[in-house]
There are 2 protein chains.
Amino acid sequence: MPDFEKSLTKSVAFPRQSPVEESLSVGDAPLRRIPEATVARLPVYYRALVETAEQQVVTVSSERLAELAGVNAAKVRKDLSYLGSYGTRGVGYDVEHLLHEVAHELGLTQDWPVAIVGSGNLGAALAGYKGFGARGFRIVAVFDVDPARLGRRIGELEVEPFSDLDRVVRERGVAIGMIATPASAAQDVTDRLVDAGVRSILNFAPTVITVEDSVSLRKVDLAIELQILAFYQQQKAARRAGA
Amino acid sequence: MPDFEKSLTKSVAFPRQSPVEESLSVGDAPLRRIPEATVARLPVYYRALVETAEQQVVTVSSERLAELAGVNAAKVRKDLSYLGSYGTRGVGYDVEHLLHEVAHELGLTQDWPVAIVGSGNLGAALAGYKGFGARGFRIVAVFDVDPARLGRRIGELEVEPFSDLDRVVRERGVAIGMIATPASAAQDVTDRLVDAGVRSILNFAPTVITVEDSVSLRKVDLAIELQILAFYQQQKAARRAGA
DNA sequence: GTTTGTGAACCACTTCACAGCC
DNA sequence: GGCTGTGAAGTGGTTCACAAAC
């Protein structure tokens, strides 16, 4: 098997924590500092574990988990070791136990109300997307500024006026905001969300937005993904031609 | 200004090139080996340059470009240095010139026909998404297996049967495939695309897929993004409570 | 015998800091 | 005096390889 490692998406806007006050423990929770790269892989392990559990498998090796997650076994072991020592040498990991630990670490045992801003093509698709619901993520509002779109039904929701954002965020306890507006509106919308108290933002608008350090920001940028693929595709073509 | 660096998405499934035959030049093109992390940022610089050019600005400093791209100036300079020495000390970079060089490097001077497999919520949204078109990426086909969806119009296209994939890929010279199917179909669809000759894949299905080394694979996974945000959000809550 | 957990070695990327050129 | 280009130092992440535990 070829080793096509390196999956995943790296984060943005992370505190980068002043070198002082590094690895503190909080209360009795151990709270090891988990590397960003590891955090980004935990959801992949989580999914692999869910599938494994569904098949009534009781224990799983790092080897097998690696295969399911598309990484190598050493990485799996090191990643999981940041959570604690949940494996048994000579045996592997107890699927149910590990599943629970990972879910807990990721916060999937709680509910995360999500609001979407922008009800165009993409916003509507996101609102209708199954596959979140699975664990804790619930779309509780879709906003738009365009009066023509207000009241339009999307799944169980209706599009609400952006001007209600503050109130709705408060009332429904929105924890995560998704930006699905045109690029030109993205920064303003972000600022409004942050002002309303939202501290986690997922940006789909094709533009750079900035937030204060206390806010987590990640982005998904279709055009960028395509351009990266184009780069490597072109590279391959060049290699074929020359060399 | 706080330094919220670290943007961007890292790749997947990259050759990792056998250590032998490293930095060869092809023909007369210099072809320095550009780090993956740099490649992932070039599209961001590209966008910043386009905006800058639109405002009739003639030269731009690494400082300014960094601001627009949401990174720091040292990174911009190092990144651009992989492409060549296109700046002028004491002055900055000529916007038009740099724009052209970056576009060329990314392969944005050519046309990239894209096919989408899956015409559900997400597939349809992707097909209708403006913001690709901008540079070279043209959706030329949308496929589905569901007979009920065939013939449905999406923008200027109609949904075509998946069984025609081979022929259509050949006839329209599809270079990039996007997977917007349920997870269960993603690996099979990928294999079909690869068999048909597609060498760049963008996977939106929430599952790990694998491809041979010669194929570039990137993924966009909404659920994973949300879970990563949830992790950090929970972390913040814990920090607020304890410590 | 098997498989984890983890120091140590390695590698990729980032940041620093300054010489070199305008 | 200003800004780039880049070696060198620093940081974070990956892989190796093996002792420890079953």
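What you are looking at is a predicted structure, and each value in this text was computed from that prediction instead of being measured. Naming: A, B, ... by sequence-line order, numbering from 1 per chain.
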Would a distance-only check, ignoring hydrogens and angles, find a side-chain to backbone donor-acceptor pair under 3.5 Å from B/R138 to B/W112?
-> no
Could you list all N or O pairs between the protein and nucleotides 1-3 of chain D that sit under 3.5 Å apart?
from, atom 1, to, atom 2, distance (Å)
D/dG2, N2, B/G90, N, 3.3
D/dC3, O4', B/G90, N, 3.1
D/dC3, O2, B/G90, N, 3.2

Point-to-point distance, once rounded to the nearest 0.5 Å, from NE2 of B/H104 to CD of A/Q234 | 6.0 Å
How long is the line joining NZ of B/K78 and P of D/dA9, in whole Å?
-> 13 Å
Gap between atoms CD and C1', on B/E63 and C/dC16 respectively (whole Å) = 14 Å
Considering the options B/I201, B/N203, B/L126, B/L122, which one meets the side chain to side chain contact (heavy atoms under 4.5 Å, CB included) requirement together with B/M178?
-> B/L126
d(NZ, B/K75; P, C/dT15) in whole Å | 4 Å
What's the CZ-C1' distance between B/R41 and C/dT15, to the nearest Å?
-> 12 Å
Could you check how far CG of B/L80 sits from P of D/dT4, rounded to whole Å?
-> 9 Å
Rounded to the nearest Å, what distance is computed from the CD atom of residue A/E36 to the P atom of nucleotide C/dA12?
-> 20 Å
Near A/E63 CD, under 6.0 Å, is it more than 12 heavy atoms from other residues, nucleotides or ligands?
-> no
Euclidean distance, A/I176 CD1 relative to A/R218 CZ, rounded to 0.5 Å | 11.5 Å
Side chain of A/N72 only, please: which of D/dT14, C/dT15, D/dT15 is the nearest?
-> D/dT15
What is the distance from atom CG of B/L226 to atom CZ of B/F231, rounded to the nearest 0.5 Å?
-> 15.5 Å
To the nearest angstrom, how far is B/Y82 atom OH from D/dT6 atom C1'?
-> 10 Å
What's the spacing between A/Y93 OH and A/T52 OG1 if we round to 0.5 Å?
-> 13.5 Å
Fill in the dot-bracket string of DNA chain C, one character per base: . for unpaired, | for a pair to another strand, ( ) or [ ] for pairs within the strand, taking Watson-Crick or G-U pairs under 3.5 Å.
-> ||||||||||||||||||||||
Separation of atom CG in B/L83 from atom P in D/dT4, rounded to whole Å = 15 Å
What orientation do B/H97 and B/Y86 show, parallel under 30°, tilted 30 to 60°, or perpendicular over 60°?
-> perpendicular
Hey, could you give me the OG1/NE2 distance between A/T109 and A/H100, rounded to the nearest 0.5 Å?
-> 7.0 Å
